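What you see is a predicted model; the values in this text were computed from it and never measured. Atoms within each ligand, like the ligands themselves, are counted from 1 in listed order.
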Amino acid sequence: MVVDIISPYTVAVAQFDEAAERLGLSQSMRNVLRAPKRELIVNFPVRLDNGDVQMFTGYRVQHNINRGPAKGGIRFSPEVSLDEVRALAMWMTWKCAVVDIPFGGAKGGVICDPHQMSRGELERMSRRYATEISILMGPNSDIPAPDMNTNPQVMAWMMDTYSMHQGYSVPAAITGKPLAIGGSEGRLDATARGVQVVTKAAMRHLGMSPESSSVVIQGFGNVGGITARLLHEMGCKVVGLSDISGGIYNPLGIDIPTAMRFSREHGSLRGMPGTEPVTNRELLELPCDILIPAALENQLTKDNADRVQARLVVEAANGPTTNEADRILNGNGVMIVPDILANAGGVTVSYFEWVQDLQHFFWSETEINQRLETIMSRSFNAVLEKATNQETNMRMGAYLLAVSRVAEATELRGIYP
Ligand code: GLU
């Protein structure tokens, strides 16, 4: 079988180009907005538990910082590449602009398999990576956060490392930290809560009710797992779930608290009683009303998009749909809530965390969730309105909003010198 290798950056640039064309941006503006501003590659040694020294490669890319400091997560995965990090950084620029928070876009990653590393090795790698990218990091310049396979503990080590170099604590240099060291209430659930808000809004738009809607979610990590819980609590029937070991299906509905317990106790969802196993490929094609990819890029492609049965796709992951798949799904009348809107809840509460750290004054969980809901529903409505006025789909609506905001900032600031 020939497997297409799809470059996430090519996908990201093609999406931008289409928006730039529709907006009638000048060629000069297109050239500026297409290019990542900074790309840092770091190769660094880490001492392993057995005494050997292993070299690791990491990246930090800032795509555009015209609307504010660079913001975006850090992922640890064997699949990390410069091409992927570049795409994710560009998506962060548009994501921050869609929800109108004052940040530019960035992303980072280290090529590694965190599941094969001890806690000590992970800590030493995280600290050394933070040191290597500290020439970019800072509360006013570039503020990392969690992403795939990184968590509040990793953020704590990185915040401590940066602070040790400064000689004093700088909580605002990184978000997604534990509460005890300047983290924010609600940050852990934030991406999933944002997904819930836009899913609810899209359902209302399509005239769907939670009780009569079935949901399939790909990915059972921080985003997929909590989204499953929130939609289950809302009354939706979650019929399919998956994690890296494969998928499970029950057309009558899966009890999410039981699935969470099972996954915690067994290390995966595989073999959960009362469900039948499905492959990751089959999962995406299961009969359902709502499909939520919450794992990796390039999951919906020209090879499976035609077989998607859902009428609503909510992109909790970054870049889960290729451009060809996007055209097929739109052609089939599927509504897609695009990644740069759907998963923006995480960076929105990261923004709240940064603001709280800077002002040394913290908000309650209720305040955080209310502000998050306000921003996510306002953004959903703005994107829907743009898409309707411009007679286009939600992805293009989101891009038109985001790219015009970044272009306006770039125009106003002008070209230095
Ligand atoms: N990694 C998350 C994302 O892709 C959050 C980024 C952040 O909070 O800065 O949006």
- Message: Taking the side chain as everything from C-beta on, heavy atoms only, tell me whether M90 gets closer than 4.5 Å to L33.
- Response: no
- Task: May I ask you to decide whether K177 forms a salt bridge with D160, counting only side-chain N to carboxylate O separations under 4.0 Å?
- Result: no
- Task: Apply the side-chain contact (heavy atoms from CB on, under 4.5 Å) test between Y351 and each candidate in V347, V349, V355; give the one that qualifies.
- Result: V355
- Query: Contact residues of ligand 1 with a heavy-atom cut-off of under 4.0 Å?
  - Reply: K71, G72, G73, M92, K95, K107, A145, P146, D147, R187, N318, G346, V347, S350
- Flag the pair R119 and D49 as a salt bridge only when some basic side-chain nitrogen lies within less than 4.0 angstrom of an acidic carboxylate oxygen. no
- Query: With sequence neighbours left out, what residues match E132 under side chain to side chain donor-acceptor pair (under 3.5 Å)?
  - Reply: R128
- Item | Nearest-0.5 Å distance that lies between atom NE2 in H232 and atom CD1 in I226 | 15.0 Å
